[in-house]
Amino acid sequence: MSLSALISLAWASLWNRRASALLTITAVAVSVMLFLGVDKLKTSSEESFQQTITGTDMIVGARTSSVSLVMFTVFHIGDPAAGMTWESYEWLQSRSDIEWTVPISLGDSHDGYRVVGTDQSFFEHYQFRDRQNVSFADGVPFDDLYDVVVGADVAAEKGYAVGDQIELSHGTGPVSFQDHSDRPFTITGILDATGTPVDESVLVSLLAIEAIHVGWQSGAPSPLANMMTADDVRQLNLRPHIISSALVGLSDRRSTLNTMRAINTYSQEALVAAPPAQAIAEVWELVGVAGNALMAVSAFVILVGLVSILTSILTSLRERRREMAVLRAIGAGPAQIMTLLISEAVLLAATGAAFGIALVYLASALAAPIFEARFGIALAGTYPGMTDLKVFLAVIVTAGVLGLIPAIQALKNSLADGLSIKL
Amino acid sequence: MPLLSLKNVEFAWPGAPALLRVPEFQLEAGEHVFLRGPSGSGKSTLLGLIAGVLTADSGQIEFDGEDLANASNAKRDRIRARDMGVIFQLFNLLPYLSVKANVTLPCKLSAERRNRVAETGTSPDEEARRLLDRLGLNDDRILNGKVSNLSVGQQQRVAVARALMGRPKLIIADEPTSALDTKARDAFLELLKEESAAAGSALLFVSHDEHLGTAFSRIEDLETLNTIAAEARA
């Protein structure tokens, strides 16, 4: 009997047991969907993690490890051990091999959100994902000393609108006992969601950071801080002294190594230059372990789904001994009996896997806008790709191998039964 | 040359004493034979050997000029698919196929059978319809319906149609009437003989019920053919 005739026989047999076949197919479909879903989330979150900062050739700060420099500058995790002087920043700006710089000054918070001191260049040069600039959902960049721009999450969670007045506090704790309550800031702009830590940031000018700290140089408010009003501070001739780090764009990327060497050996101050992509990849290796563990778990779930195929076919064998004897009598050989049962396992697996893949794409098509808006994660692969094909084939091959077990059992039965039919 | 010829055939299940020893048995092409065999006479074993599902330990089995005893398993399966039709006591049909698909199944397993149908200038479907019509099942609802909708008698007639599909050289009927009542039994037997004759097939009809033997010109007794059963009785 030809393979196609055997497969159509297997279909007819499965259709006859469609209730239990459907359950088995569902188990396989759900397990495949889980596996591919986890894979897609992992790939997508890795992509958006690695694309938190793009277009920046290096990050420069006071000497520390490159990972820690990138972590606090880009992800606002940890604190700079030391700052970089404004003179060093000006030296960076003056270099001809450097096209642009963005200063970053951290250390203050607003209600648990990081305050990032920077300047207009941030809006021009900070890029994420595929070289996208931050954009404004509402309002404009800060201009005045007491202007502030807030990230999408900050605005959404606190219910802020352009024109609202907020206070910034010294230090980075979620609750600060020392609110700089005498320095009212006005929100001039709200950013679109980016899926990066910018969403949870409050952006102000470098001078605003200085203004917050007038009278606080000792770490606690001096009598001077209490005496001065916001307008008094405005009269001071403020200028930045220390920043945390700088984003740097090169005129020519081929000079990366030379520029790094020049910065690393700068004689006036101990500095370090780190390309962000490399440090982010190092961090992902640590974070990505969780994703790999999830992948391993869902691979086992697929195996459970496939074992349910095995169970359903093995259970059906007892009541199908007669069927096998009839097939033998008509002239089917042992190889054809085995092929029939393996085809059944493969058909169940293939149908289940196909449904699983379809479900993943349906789910990601439905969920993509939500993920984009809420987590800033662009779901990877809107169309079926190599991963899906590999999983599909792996499921089919495994089902075929597992199908050997009922096939061999059926073969033993039919050899023992011969032409007699056990009633 | 006889269609089927057994000489000094012996068979035993592994580790068990010999179950069957047939010094000689022959069947001519187109011949109808009633083989009386009560349970325990080695009936299933003999039919298994003739059909090529079991392998003899010693002796010769020739079918249509081919040496069954020394053929490979695959070759015996092919010969059975090509030239034998088997009818069981019950449950002859695959429950998940339509009546028509059950009847045409032998044509799917054997190209020779498909070709023999084609040589008569018809298709397997048409041949199935013709056979079922001859057997009194000429209803389209039956033809395309489920096997489980049929009575036992109807199922046995469908089994005859399947066995006759593509005119095999030998029909093996193993107690095909034991699930039928007396009236249905006689009608069934007549149909089976008629249609086997029309197809030119030899018929090996096996039953424990010797009354059925009156319809056959040649009657054999398995308890005599199988010398082991004969010894056990003596």
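Quick note on labels: first sequence line is chain A, next is B, and so on, each numbered from 1.
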Exercise. Indicate the atoms forming the closest heavy-atom contact of B:Leu97 with A:Ala12, along with that distance.
Key: CD2-CB, 3.7 Å
Practice problem: Would you indicate whether B:Arg134, at its atom CZ, is surrounded by more than 12 heavy atoms from other residues, nucleotides or ligands within a distance under 6.0 Å? | Solution: no
Exercise. Select one option (side chain, backbone, both, neither) describing which atoms of B:Arg76 are under 4.5 Å from chain A's heavy atoms.
Key: neither
Quiz item: At what distance, to the nearest 0.5 angstrom, does CG of B:Leu93 lie from CZ of A:Arg322?
Solution: 11.5 Å
Self-check item: Max heavy-atom pair count under 4.5 Å with chain A, selected residue of B:Ala163, B:Ala101, B:Ala81
Solution: B:Ala81
Quiz item: Do any N or O atoms from the side chain of B:Arg80 and from the backbone of A:Arg328 form a donor-acceptor pair under 3.5 angstrom?
Solution: yes
Practice problem: Look up atom CG in B:Leu105 and atom CD1 in A:Ile330, then write down how far apart they are to the nearest 0.5 Å. | Solution: 4.5 Å
Practice problem: Could you tell me whether the side chain of A:Leu327 reaches within less than 4.5 Å of the side chain of B:Leu94, counting heavy atoms only? | Solution: yes
Exercise. Count the heavy atoms belonging to other residues, nucleotides or ligands that lie under 6.0 Å from CZ of A:Phe49, then report whether that count exceeds 12.
Key: yes
Quiz item: Which distance, rounded to the nearest 0.5 Å, do you find between the CG of B:Asp77 and the CD1 of A:Ile337?
Solution: 9.0 Å
Quiz prompt | Heavy-atom closest pair, residues A:Ala329 and B:Phe88 | solution = CB-CZ, 3.6 Å
Quiz item: What are the two closest heavy atoms between A:Asn16 and B:Tyr96, and how far apart are they?
Solution: CB-CB, 3.2 Å
